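So the structure is just underneath, and the comments pick up after that.
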There are 2 protein chains.
Amino acid sequence: MESKSSSAAFRAFCSQHGLAATHQRQILFEVVQEMEGHPSPEEIYARVRRRIPSISLATVYKNLHLFVESGIVGEVSLHHGSLRIETNRTAHHHLVCRGCKSITDLDEKSFRLEMEHDHISAAFQVERYSIEVVGLCPACKKE
Amino acid sequence: MESKSSSAAFRAFCSQHGLAATHQRQILFEVVQEMEGHPSPEEIYARVRRRIPSISLATVYKNLHLFVESGIVGEVSLHHGSLRIETNRTAHHHLVCRGCKSITDLDEKSFRLEMEHDHISAAFQVERYSIEVVGLCPACKKE
DNA sequence: TGACAGACGATAATAGTTATCTTCTAATAG
DNA sequence: CTATTAGAAGATAACTATTATCGTCTGTCA
Ligand SMILES: [Mn+2]
Ligand SMILES: [Mn+2]
Ligand SMILES: [Zn+2]
Ligand SMILES: [Zn+2]
């Protein structure tokens with residue numbers, strides 16, 4: 001029944017997004033949901049291969065993108081593909097478009113942040129914090 | 001005199017960090033400081049090449065890393081090399097070590113954030129925000 | 001004015017990701 | 001229960017980003 005409800009959730013997900021309910025897709029769906037932390041595509045691929053040794057890495061990437069688009073999984077900060085240098089050395093934050101990945105500076109004074117340091121291990125040496133406001137820019141909104 | 005003071009700043013920077021004051025390093029130093037926004041290494045390389053056509057991309061990368069380490073430039077969110085999937089769908093934030101790049105979840109309730117939406121163009125459709133607390137984990141602190 | 005550590009350039013190697021193309025299969029109309 | 005077909009999977013080539021290697025060169029300092 002665990003597998004039954006999980007399978008039902010998967011089928012619901014697929015029909016909502018107009019996707020075929022394939023075996024590979026289902027295993028990936030299950031594996032991603034049972035993994036903890038912030039795995040890379042390679043790590044997910046390694047796990048899925050234990051259940052479908054013949055699966056292709058490309059299939060994993062393609063479906064992860066679909067899952068991210070559908071919101072069933074997220075992305076730990078937006079992946080820009082390459083290193084981005086910050087030349088503005090004043091304290092500030094960012095507005096990031098998840099469509100075109102454009103980055104806009106936001107003045108620090110637009111935010112008032114209170115942090116309860118108690119929740120962060122005293123052994124961790126905090127140097128700074130940054131806030132990313134994520135969404136869609138005007139151009140990407142009308143895709 | 002502009003070049004003189006900038007050159008003095010560069011020399012001070014190099015001696016503080018035990019680096020040789022080379023021509024390539026100086027041009028890169030200047031170019032990075034006059035660029036705006038959040039350029040990629042390739043974009044910086046293109047700019048530096050206008051002044052030193054023979055410079056190598058590897059030199060640009062090596063020096064950008066040195067500049068980031070020294071804090072003279074920053075990084076727009078930490079670069080993890082690959083996409084990282086977020087499997088935790090509850091609202092939360094992250095503690096990130098700039099040494100080993102480990103990512104730890106932080107409960108949303110550890111923060112109280114007030115945003116002045118007025119400062120964000122109404123045309124930008126905000127979907128979520130995430131806070132990254134950056135620093136050094138215990139293991140990396142004693143490098 | 002050397003000696004030499006460290007910097008540079010060229011380029012090979014590796015990692016991450018995407019594109020292409022062929023084969024296969026889930027969905028579904030008959 | 002077939003036959004049809006759009007979309008999915010697999011194999012793999014291609015590409016982009018980044019790092020490593022290594023021979024040569026040069027800034028630094030005695
Ligand atoms: Mn910025
Ligand atoms: Mn997380
Ligand atoms: Zn956009
Ligand atoms: Zn660390």
Side-chain angles (χ1 to χ4, degrees), chain A residues 7-8 10-32 38-49 51-70 73 75-85 100-101, chain B residues 7-8 10-29 31-32 38-46 48-49 51-70 73 75-85 100-101:
Chain A
S7 168
F10 172 69
R11 289 179 172 281
F13 164 76
C14 286
S15 74
Q16 270 166 42
H17 293 272
L19 300 172
T22 68
H23 181 59
Q24 288 88 338
R25 191 119 73 201
Q26 171 154 15
I27 300 302
L28 180 59
F29 183 91
E30 288 171 14
V31 162
V32 161
H38 309 91
S40 67
E42 285 285 350
E43 286 164 347
I44 294 166
Y45 176 52
R47 278 270 215 138
V48 173
R49 272 219 281 196
R51 293 175 63 183
I52 313 177
S54 65
I55 199 169
S56 156
L57 177 59
T59 297
V60 171
Y61 268 98
K62 281 184 282 206
N63 282 295
L64 285 178
H65 288 320
L66 289 173
F67 290 174
V68 169
E69 278 167 39
S70 79
V73 298
E75 233 182 304
V76 179
S77 93
L78 289 198
H79 189 243
H80 288 101
S82 67
L83 177 66
R84 293 310 170 90
I85 293 298
C100 61
K101 313 227 165 153
Chain B
S7 170
F10 172 69
R11 291 180 170 281
F13 164 78
C14 286
S15 74
Q16 271 166 41
H17 292 273
L19 299 173
T22 67
H23 181 59
Q24 288 89 336
R25 191 119 74 199
Q26 172 154 15
I27 301 302
L28 181 59
F29 184 90
V31 162
V32 162
H38 310 90
S40 67
E42 285 285 350
E43 286 165 347
I44 294 166
Y45 175 52
V48 173
R49 273 218 281 195
R51 295 175 63 182
I52 314 177
S54 64
I55 199 169
S56 157
L57 177 60
T59 298
V60 171
Y61 267 98
K62 282 183 282 207
N63 282 296
L64 284 178
H65 289 320
L66 289 172
F67 291 174
V68 169
E69 278 167 37
S70 79
V73 297
E75 233 182 305
V76 178
S77 95
L78 290 196
H79 189 243
H80 289 101
S82 67
L83 176 67
R84 293 311 171 91
I85 293 299
C100 61
K101 314 227 164 154

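If you're wondering where the values come from, they're calculated on a predicted model, not measured in any experiment. Labels below follow one simple rule: chain letters A, B, ... track the order of the sequence lines, proteins then strands, and each chain is numbered from 1.
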Do A:Val76 and B:Leu83 have side-chain heavy atoms sitting under 4.5 Å apart? no
OP1 or OP2 of C:dT18 sitting under 4.0 Å from any side-chain N/O of A:Tyr61? no
Could you check which of C:dA27, D:dT18, D:dG27 has an atom nearest any side-chain atom of B:Ala20? D:dG27
Answer yes or no: is there a donor N or O on one side and an acceptor on the other, between the side chain of B:Arg84 and the main chain of A:Glu75, under 3.5 Å? no
Counting only side-chain heavy atoms from C-beta out, which of D:dG10, D:dT28, C:dT11 sits nearest to B:Ala58? C:dT11
Between P on C:dA10 and CZ on B:Arg49, what's the gap in Å once rounded to a whole number? 10 Å
Interatomic distance, A:Phe29 CZ vs D:dA9 P [rounded to whole Å]: 14 Å
Roughly how many Å is it from CG in A:Asn63 to C1' in C:dA26, rounded to a whole number? 14 Å
Distance in angstrom units between A:Ile27 CD1 and C:dA26 P, rounded: 13 Å
Of A:Lys62 and B:Ser54, the one whose nearest nucleotide on DNA chain C sits closer to the 5' end is B:Ser54
Counting any heavy atom closer than 4.0 Å, what does A:His79 reach on the DNA or RNA strands: base, sugar-phosphate only, or nothing? sugar-phosphate
From the set C:dT17, D:dT18, D:dA9, return the single nucleotide nearest to any side-chain atom of B:Leu83. C:dT17
Whole-Å distance, B:Glu43 CD to D:dT16 C1', equals 14 Å
Minimum-distance nucleotide to A:Pro41 side chain [options: C:dT17, D:dA8, D:dG10]: C:dT17
Would you indicate which nucleotide in D:dA17, C:dG9, D:dT28 comes nearest to any side-chain atom of B:Ile55? C:dG9
Using a cut-off of 4.0 Å on non-hydrogen atoms, how would the nucleic acid contact of B:His23 be classed: base, sugar-phosphate, or nothing? nothing
B:His80 near the nucleic acid: base, sugar-phosphate alone, or nothing, with a heavy-atom cut-off under 4.0 Å? nothing
Nearest of D:dT18, D:dG10, C:dG16 to any side-chain atom of A:Ser56? D:dG10
Given that B:His65 and B:Ala21 both sit by DNA chain D, which one's nearest nucleotide is further toward the 5' end? B:His65
What's the closest nucleotide to the side chain of B:Thr22 if the choices are D:dA9, C:dC8, D:dG10? C:dC8
Whole angstroms only, please: what is the CD-P distance between A:Gln26 and C:dA27? 11 Å
What about A:Phe13 and A:Phe67, are their ring centers closer than 6.0 Å? yes
Nearest nucleotide by nearest heavy atom, which residue falls closer to the 5' end of DNA chain C, B:Gly81 or A:Leu19? B:Gly81
Report yes if some heavy atom in the side chain of B:Gln26 is under 4.5 Å from a heavy atom in the side chain of B:Ser7; otherwise report no. yes
To the nearest Å, how far apart are B:Leu57 CG and C:dA13 P? 18 Å
When you measure from the side chain of A:Lys101 to the backbone of A:Leu78, do you find a donor-acceptor pair of N or O atoms at a distance under 3.5 Å? no
Rounded to the nearest angstrom, tell me the gap between atom CZ in A:Phe10 and atom P in C:dA26. 11 Å
Out of D:dG10, C:dT18, D:dA8, which nucleotide sits closest to the side chain of A:Gln24? D:dG10
Of all the choices, C:dA7, D:dT18, D:dA9, which nucleotide is nearest to the side chain of A:Ser82 once you look at every atom? D:dT18
State, to 0.1 Å, how close B:Pro41 and A:Ser82 come at their nearest heavy-atom pair, and which atoms those are. CD-OG, 4.5 Å
